[in-house]
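Below is one structure, written out as C-alpha cells, with a few remarks after it.
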Amino acid sequence: MSVERLRVDLAGRAYDIVVGAGVLADAGREIAALKRARRVFIVSDDNVAKRHLGTLTQSLDTAGIAHEASVLPPGEASKSFGVLEQLTGQMLDANIERGDLIVALGGGVIGDLAGFAAGILKRGLDYVQVPTTLLAQVDSSVGGKTAIDVPQGKNLVGLFHQPSLVLADTAVLDTLPVREMRAGYAEILKYGLIGDAAFAEWVANNTHAILSTSGAERTKAIVTSCRMKARVVEADEREAGQRALLNLGHTFAHAIEACAGYSGKVLHGEAVAAGCCLAFDLSAQLGLSPVEDAARVRQWFARAGLPASFADLPELGASEDDFIEIMRQDKKASGGKLVFVLARGVGRAFVARDVDESAVRTLLRTALAQGSSPKRS
Ligand code: NAD
Ligand code: GLY
C-alpha cells in the first residue's frame, strides 16, 4: 500500500493528512497512535455506512478501541439545527467525555456537521476526518471549516475547528457515483487554476485516470490538492486574506446553488465548475486575463463532463437581479461591495474587492441569454 503523509502545520493544532488506497483499514492503528481515546463516536450516513463502516469498526476492534456510531440520512438536509440537536443528544446520552474522539466517516455533509458537533460539545472535543467523497478528500476535510445551514443561507452557523487527523482512503472512492467524482474533480482543477498552471494542465490531461481508478494519478491529484490547501490554511487559517482564494468560482457557485434550492439538482462541485468558467469570463471581460485562458478553462471542465455554462445547467428560473441579490449576501461581501476571486491567467488568481456591479451584470446578462434560464430582468 503506497501511502503519503502530509502535515498541516498550525501552531498547537498541527495534524497529518494520510492519503492512500486502503488507509481506512488502518484507521484503528492511526487513531491509537494519535491519542489514547477511551472511546470513539463515529458519525456517518446511510450510503457510506453500508459500504465502509464495517472496515472502520473492524480496524478499531483490532486496535482495542471501543466505539459507537450514529448513522444519519444522507444529503445536505442533515446539516441542520434539527439533526445537530439529535446528534449531540445521542452523544450526551452515550456519556461522551472530553477524552473521547469523534470520527466523521463520510462526505462534506458529515464532515461539516460532525466537526461542528465536536467543536461545541462540552466546549470542544477532538475529531478525525475520514472523508469518503473526492470533494471531501481534496477540500472539506482539511482546514477546519465546520458548519450547518440555516434558512438564511448555507454554512452560516459554524466555527473553525481543526481536525486532529485526516484519513483519505483513495479506494473508498471506487463506490462513489461518477457524478459525485466529477464534482470533486472540479475542486481539484480549481487548485490548479488558482495557483499552479502546470498542475491544472496535468489534471486536465489525466481526467480519466483520476476519475476511474484508485491508482497513482488519483493519489497525486488528492495529495497535490491537499498540499496546496494546507499551505493556504497555514498562512491564513481564519480567512483574513489569502484563504479567500480557495473560493475561486464560489461567488457564482453559491448563487447557482441558492437558485437551485440546494436540491441536488446542481451539486456543489458542478456549481464550482460553472462558477470558475464565469470567473475567468469576468476576468477576460475586465481585460485582466487572456480570452484564450477562459476558453481553455471552459474546455477542461466540459471535457470532464462538468457544466461550463448556464446552458449545461438545469433550468434555474433565476434572473440577473436574483443573482446579484444573492451575491450581495456572500460571506466575502464587504461594505455592500461584491467580492470575487478573479485571475490574471490560469494559475494566477487574486481577490478583487471592488468589482464594478455593472461589469458583473453585463457578464450575467450574456451568460444567462446563452443558457436555458428564463430572463426576467
Ligand atoms: P455529501 O457529503 O452529501 O456526499 C455526496 C453523496 O455521496 C451522499 O449521498 C453520500 O451519502 C454519498 N457518499 C459519500 N461517500 C460515498 C462513498 N464512498 N460511496 C458511495 N456513496 C458515498 O457531499 P460532498 O460533496 O462530499 O460535500 C458537500 C458538502 O461539503 C456541502 O455541505 C458543502 O457545503 C461542504 N463543503 C465544506 C467545505 C469546508 O471547507 N468545510 C468545503 C467544500 C464543501
Ligand atoms: N473550501 C474553502 C475553504 O476551506 O476555505
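From a predicted model like this one, the values you see are computed outputs, not experimental measurements. For this chain, numbers begin at 1 and follow the sequence in order. Both counts, for ligands and for their atoms, begin at 1 and track the order of listing.
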### Task
Answer yes or no on whether R344 is positioned over the face of F350, meaning its NZ or CZ is under 6.0 Å from the six-membered ring centre and within 45° of the axis.
yes
### Query
So, do F340 and F252 have ring centers that fall under 6.0 Å from each other?
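Yes, the ring of F340 comes within the 6.0 Å limit of the ring of F252, centre to centre.
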### Query
Which distance, rounded to the nearest 0.5 Å, do you find between the CD1 of I96 and the CD of E68?
8.0 Å
### Query
ring-ring contact (aromatic ring centres under 6.0 Å, His included) with Y127: which residues, sequence neighbours excluded?
H161
List below, pair by pair, the N or O atoms of ligand 1 and of the protein that are less than 3.5 Å apart, including the distance to 0.1 Å; reply 'none' if no pair qualifies.
from: ligand 1; atom 1: 2 (O); to: G108; atom 2: N; distance (Å): 3.2
from: ligand 1; atom 1: 2 (O); to: V109; atom 2: N; distance (Å): 3.1
from: ligand 1; atom 1: 9 (O); to: N47; atom 2: ND2; distance (Å): 3.1
from: ligand 1; atom 1: 11 (O); to: D45; atom 2: OD1; distance (Å): 3.2
from: ligand 1; atom 1: 11 (O); to: D45; atom 2: OD2; distance (Å): 2.7
from: ligand 1; atom 1: 11 (O); to: N47; atom 2: ND2; distance (Å): 2.9
from: ligand 1; atom 1: 15 (N); to: T132; atom 2: O; distance (Å): 3.2
from: ligand 1; atom 1: 15 (N); to: T132; atom 2: OG1; distance (Å): 2.8
from: ligand 1; atom 1: 18 (N); to: T132; atom 2: O; distance (Å): 3.0
from: ligand 1; atom 1: 18 (N); to: V172; atom 2: O; distance (Å): 3.1
from: ligand 1; atom 1: 18 (N); to: T175; atom 2: OG1; distance (Å): 3.3
from: ligand 1; atom 1: 19 (N); to: T175; atom 2: O; distance (Å): 3.3
from: ligand 1; atom 1: 19 (N); to: T175; atom 2: OG1; distance (Å): 2.7
from: ligand 1; atom 1: 26 (O); to: G108; atom 2: N; distance (Å): 2.8
from: ligand 1; atom 1: 26 (O); to: T133; atom 2: OG1; distance (Å): 2.6
from: ligand 1; atom 1: 27 (O); to: G108; atom 2: N; distance (Å): 3.1
from: ligand 1; atom 1: 32 (O); to: E76; atom 2: OE1; distance (Å): 2.7
from: ligand 1; atom 1: 32 (O); to: E76; atom 2: OE2; distance (Å): 3.2
from: ligand 1; atom 1: 32 (O); to: K79; atom 2: NZ; distance (Å): 2.8
from: ligand 1; atom 1: 34 (O); to: K79; atom 2: NZ; distance (Å): 3.1
from: ligand 1; atom 1: 34 (O); to: K154; atom 2: NZ; distance (Å): 2.8
from: ligand 1; atom 1: 34 (O); to: N155; atom 2: ND2; distance (Å): 3.3
from: ligand 1; atom 1: 41 (N); to: D112; atom 2: OD1; distance (Å): 2.9
from: ligand 1; atom 1: 41 (N); to: K145; atom 2: O; distance (Å): 2.9

Ligand-protein N/O pairs under 3.5 Å (ligand 2):
from: ligand 2; atom 1: 1 (N); to: D139; atom 2: OD1; distance (Å): 3.0
from: ligand 2; atom 1: 1 (N); to: D139; atom 2: OD2; distance (Å): 3.4
from: ligand 2; atom 1: 4 (O); to: K229; atom 2: NZ; distance (Å): 2.6
from: ligand 2; atom 1: 4 (O); to: R243; atom 2: NH2; distance (Å): 2.8
from: ligand 2; atom 1: 5 (O); to: K145; atom 2: NZ; distance (Å): 2.8
from: ligand 2; atom 1: 5 (O); to: R243; atom 2: NE; distance (Å): 2.7
from: ligand 2; atom 1: 5 (O); to: R243; atom 2: NH2; distance (Å): 3.4

### Message
Parallel, tilted or perpendicular: which one describes the rings of H250 and H268, with boundaries at 30° and 60°?
### Response
perpendicular
### Query
When clusters are formed by joining ILVMFWY residues with side-chain heavy atoms under 4.5 Å apart, either directly or through shared neighbours, do L364 and V355 land in the same one?
yes
#### Entry: Residues forming a side-chain contact (heavy atoms from CB on, under 4.5 Å) with V157, sequence neighbours excluded
F81, F116, I148, V150
### Query
With distance as the sole criterion, is a donor-acceptor pair present between the side chains of T224 and Y191 under 3.5 Å?
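Side chains of T224 and Y191: no pair found under 3.5 Å.
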### Query
Side chains of S358 and D356: donor-acceptor distance under 3.5 Å anywhere?
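There is such a pair between these side chains.
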